[in-house]
Amino acid sequence: MRVLVTGGAGFIGSHIVAELADRGHEAAVLDALLPSAHGASPSAGAELVHADVRDRIALAEALRGVDAVSHQAAMVGLGTGFSDAPEYVGCNVLGTAMLLAAMEEAGVPNLVLAGSMVVYGEGRYDCPRHGRIRPGPRAEADLAAGRFEPRCPSCGTELAPGLVGEDAPVDPRNVYATTKLAQEHLAAAWARATGGQAVSLRYHNVYGPGMPRDTPYAGVASFFRSALARGEAPRVFEDGGQRRDFVHVRDVAAAGAVALEAVSGREPGALSVYNTGSGEPHTVGEMACALARAHGGPEPVVTGEFRLGDVRHITASSRRLTEELGWRARVGFAEGMTEFAHSGLREPSGGTPQDSWVK
């Protein structure tokens, strides 16, 4: 199988390229190779078309002879504020629309999309008196007062977090989340219009070797690892009790390869979605402590700071991915954090926020 990996020289994309090669597939890469995402000397590790995913001519060239597309190119993270919205929409929404239009023209019927758990908003919660609850966005006044846990709107009781399934309602809480959901809607519309097959893997908090360093568009694991590399204590927001599912990038790459192998056998004209996490939830504070211990310090500092748009708890069940496609995470939390504490990060070399958009 010949696969085009958009953003294939980036953090997740490069691991997918390696995984596909290990499985005997042929990977080609389309990547803008922007210095802020890749450093001064990027390498795709495969046949490369050096271009933005919004370049129609480059897309036509890159899609020639391709059986499936792994769409990893995206502007990621919360960014610096709503002023980033045009860049997010341009990269994630327009870029995806142009890719899908080019796939229709080239007759490429199979797509695996880098989705995200951020489309759910807050995770699943239960109130002991009122059952399943979907809390709204947390109020700034509560966050400023250190009241971080969502509460039942009926009785005020602190809610118990649980695992989210793929059938849960979506509730994107920030610009990035909104664009990730828009990508899924576009993929579903493309599949219906063309009879194609599409899969979205809703990644949880991906970490591992090759994460970009010191950028507001990276994940929390990168922030902590970058601080430790500078000899500084990781700064943990809120009280550190936020629950997440930290999944290793090699496991995510394996999920991407499994989905690509299976996508042509999916129902034509439909989008299938799968949560992609380790199945082993941990708090952000636990992750910071594990990373600091493995690195040799310094210990994390819990700051009480917060960001509007962050959710308190989001962990999801990946059982559907295991049952239907046979994938399961292999890298345990302790093993993965120990490796990550000593692995290299991508060194950015300046650039604008838009320049940080390739995964």
Side-chain angles (χ1 to χ4, degrees), residues 6-7 12 53-54 69-79 81-101 103 111-125 134-138 163-194 196-206 217 219 244-245 247 252 255-256 259 263 266 269-277 307-318 320-321 354 356-359:
T6 69
I12 297 175
V53 76
R54 292 165 289 186
V69 172
S70 174
H71 184 31
Q72 304 299 311
M75 186 172 175
V76 300
L78 277 182
F82 195 83
S83 60
D84 287 335
E87 285 77 23
Y88 275 103
V89 172
C91 292
N92 297 358
V93 183
L94 178 60
T96 299
M98 294 187 70
L99 171 66
L100 293 171
M103 288 175 65
L111 172 74
V112 174
L113 172 68
S116 176
M117 53 80 184
V118 296
V119 301
Y120 296 116
E122 287 284 356
R124 168 186 162 181
Y125 291 90
R134 287 190 57 79
R138 295 179 294 170
L163 300 180
V164 178
E166 288 89 347
D167 296 328
V170 292
D171 184 17
R173 298 287 178 87
N174 53 59
V175 172
Y176 170 61
T178 301
T179 64
K180 295 308 289 182
L181 183 58
Q183 286 183 311
E184 289 192 349
H185 287 321
L186 285 168
W190 165 83
R192 286 192 298 272
T194 66
Q197 294 91 11
V199 168
S200 177
L201 298 178
R202 290 177 174 170
Y203 299 159
H204 281 251
N205 291 74
V206 186
Y217 302 88
R244 298 291 189 269
D245 186 323
V247 58
V252 168
V263 65
R266 310 301 297 171
L271 171 72
S272 302
V273 299
Y274 295 98
N275 292 329
T276 308
R307 298 189 303 180
L308 288 177
D310 275 347
V311 297
R312 179 62 174 175
H313 304 297
I314 175 64
T315 57
S317 169
S318 300
R320 178 185 291 181
L321 185 55
Q354 185 173 347
S356 299
W357 71 288
V358 179
K359 285 190 176 181

Steps toward side-chain hydrogen bond (donor to acceptor under 3.5 Å, both in side chains) verdict (Y88, N174): CA-CA 11 Å; Y88 275 103; N174 53 59; over 6 Å; no
From CA spacing to verdict: side chain to side chain contact (heavy atoms under 4.5 Å, CB included), K180, Y203: CA-CA 11 Å; K180 295 308 289 182; Y203 299 159; over 6 Å; no
R192/L271 under side chain to side chain contact (heavy atoms under 4.5 Å, CB included): CA gap, chis, key distance, verdict: CA-CA 9 Å; R192 286 192 298 272; L271 171 72; over 6 Å; no
Check against side chain to side chain contact (heavy atoms under 4.5 Å, CB included), S317 and E166: CA-CA 8 Å; S317 169; E166 288 89 347; 5.9 Å; no
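Contact record, G7 with A73: N-CB, 3.8 Å, taken as the closest heavy-atom pair. Contact between Q197 and W190 at its shortest, heavy atoms only, is O-CZ3, 3.7 Å. In terms of heavy-atom proximity, V170 sits nearest to R202 at CG1-NH2, 4.2 Å. Annotation for E122 and R312: closest pair OE2-N, 2.9 Å, computed over non-hydrogen atoms. The two atoms that bring L163 and R124 nearest to each other are O-CD, 3.2 Å, heavy atoms only. Contact detail for H204 and I314: the closest heavy-atom pair is ND1-O, 4.2 Å.
Taken to the nearest 0.5 Å, the CG atom of L113 stands 6.5 Å off from the OG1 atom of T96. Taking CG of L94 as the start and CG of L99 as the end, the distance is 11.0 Å to the nearest 0.5 Å. Separation of atoms CG (N275) and OG (S200) is listed at 9.5 Å; rounding is to 0.5 Å.
With a 4.5 Å cut-off on side-chain heavy atoms, R138 and D310 count as touching. Side-chain contact between L100 and L111 is present, with heavy atoms from C-beta onward closer than 4.5 Å. The shortest distance between side-chain heavy atoms of D84 and V175 does not fall below 4.5 Å. Residues R173 and V118 form no side-chain contact, since every pair of their non-hydrogen atoms from C-beta on lies 4.5 Å or further apart. Between M117 and V311, the closest side-chain pair of non-hydrogen atoms is not below 4.5 Å. Counting only heavy atoms from C-beta outward, the side chains of T179 and Q183 never approach each other to under 4.5 Å.
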